Amino acid sequence: MPLTDLNHFLVLTKDIEQSPRFYVQALGMREAPRPWAPFPGCWLAIGEHVCVHLAQANDDPEMLRYFDHTPGASLKG
């Protein structure tokens, strides 16, 4: 059964190429247009509402600062 509602989550993932597939195939979401950001990512929607933001978890200092992590901090996921 697909989801009918979910509200605004950020998920850091180690595999930005494969992760959207789970949300689309298992949860019935769809990929949505994403504005520019300084790191790879994907937005997922239910109907017309963007609900989940996926971002590539890595040790890039710019990405860590964007998410308010200390450079050198480990991102797990």
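Sequential numbering from 1 along the given sequence is applied to the chain's residues. Small disclaimer: the values here were computed from a predicted structure and weren't measured.
Scored by the ring-ring contact (aromatic ring centres under 6.0 Å, His included) test, Phe39 finds Tyr66, Phe67 as partners (sequence neighbours excluded).
Screening residues 35-46 for salt bridge (Lys or Arg N to Asp or Glu O under 4.0 Å) gives no qualifying pairs among residues at least two apart or on separate chains. Sorted by first then second residue, the side chain to side chain donor-acceptor pair (under 3.5 Å) pairs that include residues 33-42, not counting sequence neighbours, number zero. Residue pairs meeting the salt bridge (Lys or Arg N to Asp or Glu O under 4.0 Å) criterion with at least one partner in residues 16-32, sequence neighbours excluded, are Arg30-Glu48.
For the atom pair CG of Leu54 and CH2 of Trp43, the computed distance is 12.0 Å after rounding to the nearest 0.5 Å. Atom-to-atom distance recorded for Phe9:CZ and Leu44:CG is 13.0 Å, nearest 0.5 angstrom.
Counting only distance, with no hydrogens or angles, the side chain of Gln56 and the backbone of Ile16 share a donor-acceptor pair below 3.5 Å.
Val50 and Val24 fall into different hydrophobic clusters, where Ile, Leu, Val, Met, Phe, Trp and Tyr are joined by side-chain heavy atoms under 4.5 Å apart, directly or via other members.
Contact annotation: the side chain of Met29 approaches that of Val52 to within less than 4.5 Å [non-hydrogen atoms, C-beta and beyond].
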